[in-house]
Amino acid sequence: MTWVVVAAFWVTLVAGVYLVTSRDVLRLVVGLGLLGSAVNLALLASGRFASLRPALVAAGAQALDGAANPVPQALVLTAIVIGFALLCFSLVLVLALVRRTGADDVRRLPFAEPAPTDPIKPPFSDDERAGGAP
C-alpha cells in the first residue's frame with residue numbers, strides 16, 4: 001500500500017511539474033491543481049494511512065497506539081475543498097482571459113496590457129508603482 005501511494009505521489013508530481021512548465025495557460029492551471037493533489041497525497045501519507053485501527057483514545061490512555069492520525073486527514077479534506085474551489089475560479093479566469101485576448105500562450109499575454117496612450121485604462125506609471133502621487 002505504501003508503494004502505491006508513493007508511486008501515485010511521484011506520478012502526480014511529475015505530471016504537475018510538466019504541465020506547469022507548458023506555455024498553454026489552461027495546462028498551467030491544471031498543472032497547479034495536480035501539484036496541489038501531490039501535496040495532499042504527501043500530507044495524507046504523513047498520517048499513517050496503513051493502520052486499520054480507529055483514531056480513538058481508550059479511557060486512561062495518554063496517546064494513540066498504532067492508530068491513524070486524524071489531523072492530516074482533516075487537513076487534506078479541507079485542502080481538497082479549497083483546492084477545488086480555487087481550481088474552478090482559476091479556470092473561469094483563464095477562460096475569460098482567453099476569450100478577451102484571443103491567446104492562450106503565456107508569452108503573448110503581456111501584449112494584452114492596455115496601450116500607454118489608452119485614455120480609458122492607462123497602465124500604471126512608475127510614480128504610482130513607487131507609491132508617489134500620480
Side-chain angles (χ1 to χ4, degrees):
M1 176 72 177
T2 304
W3 291 109
V4 172
V5 174
V6 169
F9 167 75
W10 281 108
V11 166
T12 307
L13 185 71
V14 168
V17 168
Y18 174 75
L19 289 175
V20 165
T21 58
S22 175
R23 289 176 40 183
D24 186 23
V25 180
L26 185 63
R27 286 184 182 183
L28 183 119
V29 170
V30 172
L32 288 174
L34 282 175
L35 286 176
S37 297
V39 170
N40 287 341
L41 276 171
L43 186 60
L44 186 66
S46 71
R48 205 175 328 153
F49 53 87
S51 176
L52 297 176
R53 295 181 58 190
L56 299 173
V57 178
Q62 294 295 324
L64 296 173
D65 295 328
N69 190 357
V71 175
Q73 295 174 3
L75 288 174
V76 167
L77 183 62
T78 306
I80 287 171
V81 172
I82 293 171
F84 182 71
L86 183 64
L87 181 67
C88 290
F89 182 71
S90 300
L91 287 175
V92 169
L93 283 179
V94 163
L95 289 176
L97 180 68
V98 168
R99 190 174 293 153
R100 179 176 173 224
T101 62
D104 62 348
D105 189 4
V106 174
R107 294 182 184 165
R108 289 183 52 199
L109 290 179
F111 299 112
E113 293 290 324
T117 58
D118 190 2
I120 297 175
K121 189 174 181 182
F124 287 116
S125 67
D126 291 335
D127 294 334
E128 290 174 345
R129 287 184 185 157

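These numbers come from the heavy atoms of this one structure, side chains and all, not from hydrogens, waters or symmetry mates. By convention here, the first residue in the shown sequence is residue 1.
Closest approach of Val29 to Val94, counting heavy atoms only: CG2-CG2, 3.4 Å. Residues Leu34 and Gly16 approach most closely at CB-CA, 3.8 Å, considering heavy atoms. The minimum heavy-atom distance linking Val106 with Val25 is given by the pair CG2-CG2, 3.9 Å.
Linking ILVMFWY residues whenever their side-chain heavy atoms come closer than 4.5 Å, directly or via other members, places Leu32 and Leu13 in the same cluster. Cluster annotation: Leu86 and Leu97 are assigned to distinct hydrophobic clusters (Ile/Leu/Val/Met/Phe/Trp/Tyr, side-chain heavy-atom contacts under 4.5 Å, transitive). In the hydrophobic clustering of ILVMFWY residues, with side-chain heavy atoms under 4.5 Å counting as a link, Leu77 and Phe84 come out apart. Criterion: ILVMFWY side-chain heavy atoms under 4.5 Å apart, direct or through other members. Under it, Phe9 and Val17 are part of a common hydrophobic cluster. Clustering ILVMFWY residues whenever any of their side-chain heavy atoms sit less than 4.5 angstrom apart, transitively, puts Val71 in the very cluster that holds Val76.
Interatomic distance, Leu75 CG to Ser46 OG, rounded to the nearest 0.5 Å: 8.5 Å. Taking CZ from Arg23 and CG from Leu28, the interatomic distance works out to 13.0 Å, rounded to the nearest 0.5 Å. Interatomic distance, CD of Gln73 versus CG of Leu43, reported as 10.0 Å (0.5 Å rounding). A distance of 7.0 Å separates OH in Tyr18 from OG1 in Thr21, rounded to the nearest 0.5 Å.
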Would Leu44 and Asn40 count as a side chain to side chain contact (heavy atoms under 4.5 Å, CB included) if you check the C-alpha gap in whole Å, the side-chain angles of each, and the deciding distance to 0.1 Å? CA-CA 6 Å; Leu44 186 66; Asn40 287 341; over 6 Å; no
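Between the side chain of Ser37 and the backbone N or O of Gly33, at least one donor-acceptor pair lies under 3.5 Å.
Partners of Val30 according to the side chain to side chain contact (heavy atoms under 4.5 Å, CB included) rule, which considers only residues two or more places apart in sequence or in another chain, are Leu19.
In this structure, the side chains of Leu35 and Val39 stay at 4.5 Å or more apart for every pair of heavy atoms.
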